[in-house]
Colleague: 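Before I ask anything, here is the structure I am working with.
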Amino acid sequence: MLASLVGFLGDFDRAEEAAQEAFALAAQRWPEAGTPSNPGAWLTTTARNRAIDRIRRERTLAEKIHLLPATEAVMDEFDETVIKDERLELIFTCCHPALALDGQVALTLRALGGLQTADIARAFLVSEETMKRRLTRAKTKIRATGIPFAVPDAHRLPERLDAVLAVIYLIYNEGYSGRIDLGAEAISLGRVLAELMPDEPDVHGLLALMMIHHARRQARFSGDDLVLLEDQDRSLWDLDEIAAGRAVLDRAIGLGGRGAYVVQAAIASLQTREQIDWPQVAELYRRLAELTGSLVVELNRAVAVAQAGDPAKALQAVDRLDLDSYLYFHSTRGELLRRLGRDAEARAAYLRALELATTTPERRFLTGRLEQL
Amino acid sequence: MRYALMIYTEAGYDEGLSEVERAAMLGEYAALFDDERCVGAARLQPAETATSVRVDGGRTLMTDGPFADTKEVLGGFCLLEADNLDEAIELAARIPAVRFGGTVEVRPVVQR
């Protein structure tokens, strides 16, 4: 509804105001007059009419003349097909790279996710005032700089779609640390996008990745402690969501998807199998490392190589990485050295990791590993 | 909408170019400035030629050099008439200086 109003009015604030008025009117009228046959269309049409009235009033006030005749607002009859689905335009406007990234995230959650400003503020651990300012800054820039309310042309689309996916994934990863369920918000945004762009493999790839990860959220933490994949209680996994995520992944691959999200989803999918095919996981990490050039991905690849049965080769690969300030670099080295029976070196590596630990669960995990040596 | 594109480059960013490359670049600038959406444009002389002027208590104060002492300096500008920010950004990205590490700042102009 908001998407169609922003499209129609070309202004976020007017659209929000009009939507609120329409809901208020519905609360007043529907109990007596009965709920209309198409409540969504009633609300949208009412909101549009209200907004038009308001614009007319403002214009009239400003010009002190009555040029525009007041029209009868028709609220009972409308053709549903006239109300265009403009959510895709709204997504691309909210995720325009000319906006600050935190503004893109906030606006996407507000305008598309329908979240209240206070809830968004809480999720990102900032005050409501700060979040309000962030939203205002983004909306003002859209208006002042002429950011279009449109789906980008074909030649700009790949780049702009990457930006949209990055925002959704960022929202997903915020939810990962378990405050309010931004993970579920991100997945529903991903679903909307997949419905609106059914032929884009990366859209399905990202959605699959988020679903498969999200399905394991209950098993990932024990209290505050992070539970490693191999130690997770699989009975806590949401098997239906995993199956649904795999179906989305199949669609992404069927569409020719070979991008980073698709590869990550494929890795996540393999890791939910009863018997994990570690050589295959290592191969997928190799591809992901090629796509991203990330050393952390190389580290994960080494872990998969070790799981596939070759900790010595994995250690060689790890020792080539320049990740000295990264906790998991040292804890991974510690684990590999332990498996190779080099306990003294393993201890040194775990101690180095402990120096880098910043949270209590991390410290607890590493102390536990040291005690097991 | 009208936009100002302000082109910032490091001094001497084009010094390493051959005659042919330089001619090609000037050709690109000329094509851009001839674009009907471009309503005004100028390339500026090097920043060493700048004089910064202020007025304090009726006295005109002058300083040799540009206003901000930065590595990148304003090297030119262009006024555009474009439908929206995307169109302005597309033209900004076509400015040759961008290829040589320069930055173009895009700002909407206040309409009178």
Side-chain angles (χ1 to χ4, degrees), chain A residues 3 6-15 55 58-59 62-63 86 88-101 103-104 107-108 111 135-167 197, chain B residues 1-9 24-25 27-29 31-42 67-68 70 72-112:
Chain A
V6 177
F8 179 66
L9 298 166
D11 187 297
F12 275 85
D13 290 327
R14 275 194 202 287
I55 292 169
E58 283 169 8
R59 221 174 267 167
E63 296 172 4
E86 291 178 298
L88 200 53
E89 285 83 350
L90 188 58
I91 292 177
F92 278 102
T93 306
C94 290
C95 301
H96 197 289
L99 301 172
L101 191 58
Q104 295 177 41
L107 202 54
T108 301
L135 284 163
T136 305
R137 204 187 318 130
K139 288 189 280 194
T140 306
K141 185 162 185 189
I142 289 173
R143 207 171 30 229
T145 64
I147 288 179
F149 186 76
V151 177
D153 302 338
H155 71 284
R156 272 183 234 153
L157 192 64
E159 236 177 84
R160 294 287 308 279
L161 183 57
D162 281 350
V164 170
L165 296 177
V167 167
M197 306 187 89
Chain B
M1 278 184 76
R2 187 158 290 191
Y3 297 88
L5 309 187
M6 289 161 285
I7 305 158
Y8 290 88
T9 54
M25 188 174 80
E28 281 180 70
Y29 271 114
L32 208 61
F33 293 171
D34 284 345
D35 192 304
E36 59 180 13
R37 289 169 291 185
C38 180
V39 294
F67 163 63
T70 51
E72 285 92 3
V73 292
L74 187 64
F77 57 83
C78 168
L79 274 177
L80 272 190
E81 193 61 44
D83 280 348
N84 54 47
L85 184 64
D86 281 350
E87 199 181 334
I89 287 172
E90 198 151 291
L91 282 157
R94 271 172 42 198
I95 291 173
V98 172
R99 273 209 310 281
F100 304 101
T103 303
V104 178
E105 184 176 324
V106 180
R107 293 263 288 269
V109 171
V110 174
Q111 302 287 340
R112 283 191 299 169

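Please read all numbers here as calculations on a predicted model, not as lab measurements. So you know, we letter chains A, B, ... as the sequences are listed, proteins then strands, and number each from 1.
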Colleague: Is it the case that atom CZ in B/Phe67 sees more than 12 heavy atoms from other parts of the structure closer than 6.0 Å?
Modeller: no
Colleague: Say you draw a straight line from OG1 of A/Thr145 to CG of B/Asp86; how long is it, rounded to the nearest 0.5 Å?
Modeller: 9.5 Å
Colleague: Does the pair A/Arg156 and B/Ile89 meet the rule for a side-chain contact (heavy atoms from CB on, under 4.5 Å), with working shown?
Modeller: CA-CA 11 Å; A/Arg156 272 183 234 153; B/Ile89 287 172; over 6 Å; no
Colleague: Looking at every non-hydrogen atom in both residues, tell me the closest pair between A/Gly146 and B/Asn84 and how far apart they are.
Modeller: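 For A/Gly146 versus B/Asn84, the nearest heavy atoms are O-CB, 3.2 Å.
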Colleague: A quick test of your reading: do over 12 heavy atoms of other residues, nucleotides or ligands sit less than 6.0 Å from CD of B/Gln111?
Modeller: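 Yes, enclosed.
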